[in-house]
Protein chains: 2
Amino acid sequence: MNDSPRRKELTRQAAQLFVQEGFDRTTVRMLAQEMGIKSGSLFHHFRDKQEILAAVIEEGTQNALVMAKAALEACDHTAEARLQAMARAHLQTLLTDRNAHVVALYEWRRLDPGARDHLSHLRDAYESLWEQVIDEALEAGLIHGDRFLVSRFVMGALNWTVRWYDPAGPRSTDDLAHELVAMITHGAA
Amino acid sequence: MNDSPRRKELTRQAAQLFVQEGFDRTTVRMLAQEMGIKSGSLFHHFRDKQEILAAVIEEGTQNALVMAKAALEACDHTAEARLQAMARAHLQTLLTDRNAHVVALYEWRRLDPGARDHLSHLRDAYESLWEQVIDEALEAGLIHGDRFLVSRFVMGALNWTVRWYDPAGPRSTDDLAHELVAMITHGAA
DNA sequence: GTCTATATTGCGATAGAC
DNA sequence: GTCTATCGCAATATAGAC
């Protein structure tokens with residue numbers, strides 16, 4: 001529809017509800033209440049409920065991409081440091097402040113085909129960033145195995161943290177990133 | 001309600017729809033059609049839609065538990081063989097024939113608190129089987145790290161396969177299990 | 001840009017005949 | 001155990017005033 005800061009803020013609020021309840025269980029009335037308006041007014045900002053989901057997922061993936069690129073810029077240029085930076089950035093966009101990245105991963109199937117088509121490029125860009133870093137780790141002999149499988153196993157391990165990680169618990173997202181990298185790089189001594 | 005073979009079969013058919021559409025998008029009318037009856041008749045077998053979900057999840061977890069135990073019985077008694085057997089069994093119950101195990105993992109949040117309470121013991125039994133095998137691998141020096149984190153990372157990597165694995169593709173579930181175990185046991189030489 | 005009011009649809013579940 | 005018929009309700013979305 002448009003790209004106003006107002007819409008950005010509404011999208012952010014929608015993301016929170018989608019994370020808590022899931023897309024299907026979130027009603028437009030709940031969304032409107034969270035936004036401080038009535039349900040009818042919501043359709044002035046978004047064509048329909050689907051469009052809200054698409055906006056949230058676009059925001060979530062874009063954000064993950066930006067954060068990952070920044071993390072790679074800032075870290076050492078060793079394969080291990082870069083692997084760790086990616087994992088850390090991924091977990092931060094996933095687990096911090098109930099983020100839109102979670103929606104992008106867990107509600108992807110709920111997108112209608114048109115939106116899925118449009119957003120798949122963004123998702124692919126993020127995933128190929130991962131594959132690039134995995135490639136470097138393979139070339140450096142840091143890890144071994146099939147590039148396709150390794151990257152999907154790693155992303156799976158990270159994405160699943162949403163189901164069990166407790167931000168109030170003893171472990172930081174950095175702890176998790178460190179342990180994951182250690183697990184795949186120092187298996188047998 | 002009861003435990004007839006009829007109900008077992010209806011549960012199996014419900015599982016397939018839940019995997020395809022998700023619990024929320026599956027209507028009682030869709031379920032009834034799949035079962036070859038009218039929607040009103042469905043409530044002779046299940047009190048409500050929630051109870052169908054609980055039945056599917058119970059079936060899925062029970063099945064995963066039985067398969068895992070059998071796989072551990074049948075394999076060599078080395079830590080690596082046992083790890084591999086668990087991974088193989090997990091993938092088979094997850095990826096073969098659109099199984100109820102997927103529903104147990106991905107629709108857990110949709111259970112009402114009562115059912116969640118009742119079924120959590122079954123889930124815990126399955127997860128502690130995993131932790132036991134992970135413990136053995138740690139003791140054998142096959143892998144290193146935090147027991148809690150390693151088991152969750154491994155299960156995450158496996159559970160995420162549902163999102164990308166293509167049964168018609170070139171890789172078997174056994175290939176996946178082998179690659180995953182290799183990844184965490186032979187990181188750096 | 002937000003409101004009130006409402007159209008319309010499809011949902012889960014029930015009642016009672018057979 | 002299955003059917004037909006339907007209840008009651010909550011869902012998305014629209015119309016038009018302000």
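Computed from a predicted structure; not experimentally measured. Naming: A, B, ... by sequence-line order, numbering from 1 per chain.
Between the CG atom of A/Leu10 and the C1' atom of C/dT2 there is a distance of 12 Å, rounded to whole Å. In this entry the distance linking CD1 of B/Ile52 with P of C/dA13 reads 8 Å, nearest Å. Per the geometry, NZ belonging to B/Lys38 stands 6 Å off P belonging to D/dC3, to the nearest Å. In this structure, A/Arg25 atom CZ and D/dA10 atom C1' are separated by 14 Å, rounded to whole Å. Regarding A/Leu42, its CG atom lies at a distance of 13 Å from the P atom of C/dG1, rounded to whole Å. Remark: C1' of C/dC11 and CG of B/Asp48 are 14 Å apart, rounded to the nearest angstrom. Rounding to whole angstrom units, CZ of residue B/Phe43 and P of C/dC11 are separated by 12 Å. The interatomic distance linking B/Asp24 (CG) with D/dA10 (P) rounds to 17 Å, in whole Å.
Taking the side chain as every heavy atom from C-beta outward, B/Thr11 and B/Phe46 approach each other to under 4.5 Å. Looking at heavy atoms from C-beta onward, A/His90 lies in side-chain contact with A/Asn159 at the 4.5 angstrom threshold. Residues A/Val102 and A/Leu95 have side chains not in contact (no heavy-atom distance under 4.5 Å, counting atoms from C-beta outward). Taking the side chain as every heavy atom from C-beta outward, A/His118 and A/Glu58 approach each other to under 4.5 Å. Two residues are said to be in side-chain contact when any heavy atoms from C-beta on lie closer than 4.5 Å; A/Thr61 and A/Leu119 fail this criterion.
Residue B/Ser4 is out of contact with every strand shown, counting any heavy-atom pair closer than 4.0 Å. When heavy atoms are screened at a 4.0 angstrom cut-off, B/Lys49 is found touching the sugar-phosphate backbone but no base atom.
Residues from residues 27-36 of chain B with heavy atoms under 4.0 angstrom of DNA chain C, sorted by number: B/Thr27, B/Val28, B/Arg29.
An OP1 or OP2 oxygen of C/dC3 is reached within less than 4.0 angstrom by a side-chain nitrogen or oxygen of A/Ser41. A sub-4.0 Å separation between OP1 or OP2 of D/dT2 and a side-chain N or O of B/Arg6 is present.
Ionic pairing of B/Arg7 and B/Glu51 is present here: one or more N-O contacts between side-chain nitrogen and carboxylate oxygen are shorter than 4.0 angstrom.
Closest contact between the side chain of B/His44 and the listed nucleotides C/dC3, D/dC3, D/dG1 involves D/dG1. For A/His45, taking side-chain heavy atoms from C-beta onward, the closest of the listed nucleotides D/dA13, C/dC3, C/dG1 is C/dG1.
Within the cation-pi definition used here (under 6.0 Å to the ring centroid, within 45° of the axis), B/Arg109 does not qualify as a partner of B/Phe23.
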